[in-house]
Amino acid sequence: MSTSPFTTCHGAAVPGDPASCRPPGRAVFVHAFGLPAVPAAVPGARRRAARVLRDWGLCEDGLHTASLVISELVGNAARHAVP
C-alpha cells in the first residue's frame with residue numbers, strides 16, 4: 001500500500017517542487033493497492049478506497065459517487081481481465 005502526495009504540472013501528476021508547477025493548494029494524492037482479478041474483489045476495493053478518501057477529507061456525497069465509479073472500474077477490470 002502506498003499513499004503519497006504528488007504535484008500537478010500541466011495536468012500530469014509528477015513528483016517535484018509544488019511551487020514550480022502547480023497553483024497553491026492544488027495537491028494530488030495517490031493511493032495504490034493490488035487486487036485479485038475476480039468480481040469478489042469489488043466490495044473490498046470499494047471499502048478500502050472509501051476509507052482512504054474519507055481520511056483525505058472527501059465529503060459523503062463525493063464518497064457515494066466515488067464508490068459507484070470504483071465498483072464499475074474494478075468490476076469491469078475483473079470481468080475482462082486476461083485469465
Side-chain angles (χ1 to χ4, degrees):
M1 171 176 70
S2 170
T3 302
S4 49
F6 282 73
T7 59
T8 302
C9 188
H10 308 294
V14 294
D17 176 18
S20 68
C21 18
R22 68 175 171 83
R26 299 288 304 212
V28 175
F29 294 90
V30 176
H31 179 83
F33 56 95
L35 296 168
V38 295
V42 173
R46 187 174 49 239
R47 284 189 302 272
R48 186 169 180 170
R51 188 171 50 246
V52 170
L53 293 170
R54 192 173 283 114
D55 289 347
W56 289 349
L58 188 64
C59 66
E60 287 301 316
D61 286 343
L63 287 171
H64 177 71
T65 301
S67 289
L68 291 173
V69 171
I70 290 163
S71 294
E72 285 297 312
L73 290 172
V74 174
N76 287 341
R79 262 184 237 96
H80 301 291
V82 176

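In this chain, residues are counted from 1 in sequence order. All values derive from a computational prediction rather than experimental measurement.
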Note to self: Checking Ser67 against Arg46 for the side chain to side chain donor-acceptor pair (under 3.5 Å) test, could you report, in this order, the C-alpha distance in whole Å, the side-chain angles of both residues, the deciding distance, and whether it holds?
What the structure shows: CA-CA 6 Å; Ser67 289; Arg46 187 174 49 239; 5.4 Å; no
Margin query: Side-chain heavy atoms nearer than 4.5 Å, only ILVMFWY residues, links allowed to pass through others: does that put Phe33 and Val42 together?
Written below: yes
Check: Looking at Val74 and Ala45, what are the two nearest heavy atoms and their distance?
Finding: CG2-CB, 3.9 Å
Check: What is the minimum heavy-atom distance between Leu58 and Ala66, and which atoms define it?
Finding: CD2-CB, 4.5 Å
Note to self: If you take the centroid of each ring, where Trp contributes its six-membered ring, are Phe29 and His31 closer together than 6.0 Å?
What the structure shows: no
Margin query: Hydrophobic clusters here meaning ILVMFWY residues chained together by side-chain heavy-atom distances under 4.5 Å, can you tell me if Leu63 and Trp56 are in one?
Written below: yes
